[in-house]
Amino acid sequence: MPSPSCRLCGTLLPDEPAFSLENVPRSAQGLPGPTDLAEDSGADLLVFQCNACGLVQLAGTPVPYFREVITAAGGSARMVAFRREQARQFVASFDLHLRRILEVGCGEGYFLDLLEEAGAEPVGLEASASAVARGRTLGRTIHQGYLEERTRLVGGPFEAFASINFLEHAPDPVGLLRGLCENLVLGAPGLVEVPSFEHILECERFYDFIPDHLSYFTESTLRQLLERSGFDVISCSRVWDGYDLAALVHRRRPMDAQTWDQARGQLVAELKAFCRTHGKNGRGLAVWGASHQALTLLALADATAVRYVVDSAPFKQGRFTPVVHSPIRGPEALVEDPVDAVIVMAAGYSGEVVRILREERAFRGTVAVLRGNALEVVP
Ligand SMILES: [Zn+2]
């Protein structure tokens, strides 16, 4: 039975697979021994593509060891040289000397050595007890575990992270990355690498599909995954002869709304002062423009001194402003029921409104225009 929804975006997957392979190995690691042959049989792989985000993925049950990293990469001299340079560049680019970097899915931890060589203080996370034990005998710092959305790691939050050829195994890559995010400081940089699905497409490598790899990322779907999970992507490019995709990311910093409170305080005070000065004198004041911005500001400033709001849109006339309840009237109100001051809150139309007021309606009272976060009295 196919998994009902996309691992990345949650949209229901199509009913039919885009591609299938019949009678292929059940896992990349399940090499049968002499006594297992009678039990060994093939399995069918169903490859789906999400119609919404485009992620190509296998539906169905993950291999039983999906949390564990099993790699022979540490045995290739060329690969180690590539990783050594990658670690050096990562540490140098983000000034990670003596910083604690978490490698998620580190296996026995050969990449931890390269990060340490580059000057960082690496810590590994690995689910396989035997890999953790072997890594520790080599002097590496490795915690045993697996990240899920609510996981809190001992020793966190970390100042950077790396994840190499690991996300493609995860049944819930969004949950894993969200869990990772919560164990990082804000803005923490990260290095993420996965096999490139572009490479599979370019070379028609249909035999690259294996039950161990549940997701097949292109640059687009890798970016979507990372952005959806709390990271900003700095760059994403093909590496290792085009076989892999490597992304550099930051844990996203939340927007800074602290200065907005100050801006609101100042503008509301200015509006209140203008209403105090002009609301009680003579014929009082009106506002031109019943836009949503004006209605919000009038409510925030509790602008009960405003006698009415002028708006040219007939469907607004005869109604009232929310919260403060000033009547909304057509421009003829300025003739029928004159005021001594007008605040223009008409955004991009403010200049035109001022011209109409001064030239067409020969308004001689005080005119103030809301520009940005200030009221400007115009001549
Ligand atoms: Zn999707």
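As the structure lists them, so they are numbered: ligands from 1, and atoms in each ligand from 1.
- I328 is not connected to W288 by any chain of hydrophobic side-chain contacts under 4.5 Å among Ile, Leu, Val, Met, Phe, Trp and Tyr, and they are in different clusters.
- Few gaps surround CZ on R140; more than 12 heavy atoms of other groups in view lie less than 6.0 Å from it.
- A tilted orientation is assigned to the rings of H199 and Y243, their planes being inclined by 30° to 60°.
- Excluding waters, the count of protein N/O/S atoms less than 2.8 Å from the Zn ion (ligand 1) comes to 4.
- A centroid separation of 6.0 Å or more is found between the aromatic rings of F66 and F166.
- Proximity of the aromatic rings of F209 and H213 is defined here by a centroid distance below 6.0 angstrom, and this criterion is not met.
- Residues F161 and F231 bring their aromatic ring centres within 6.0 Å.
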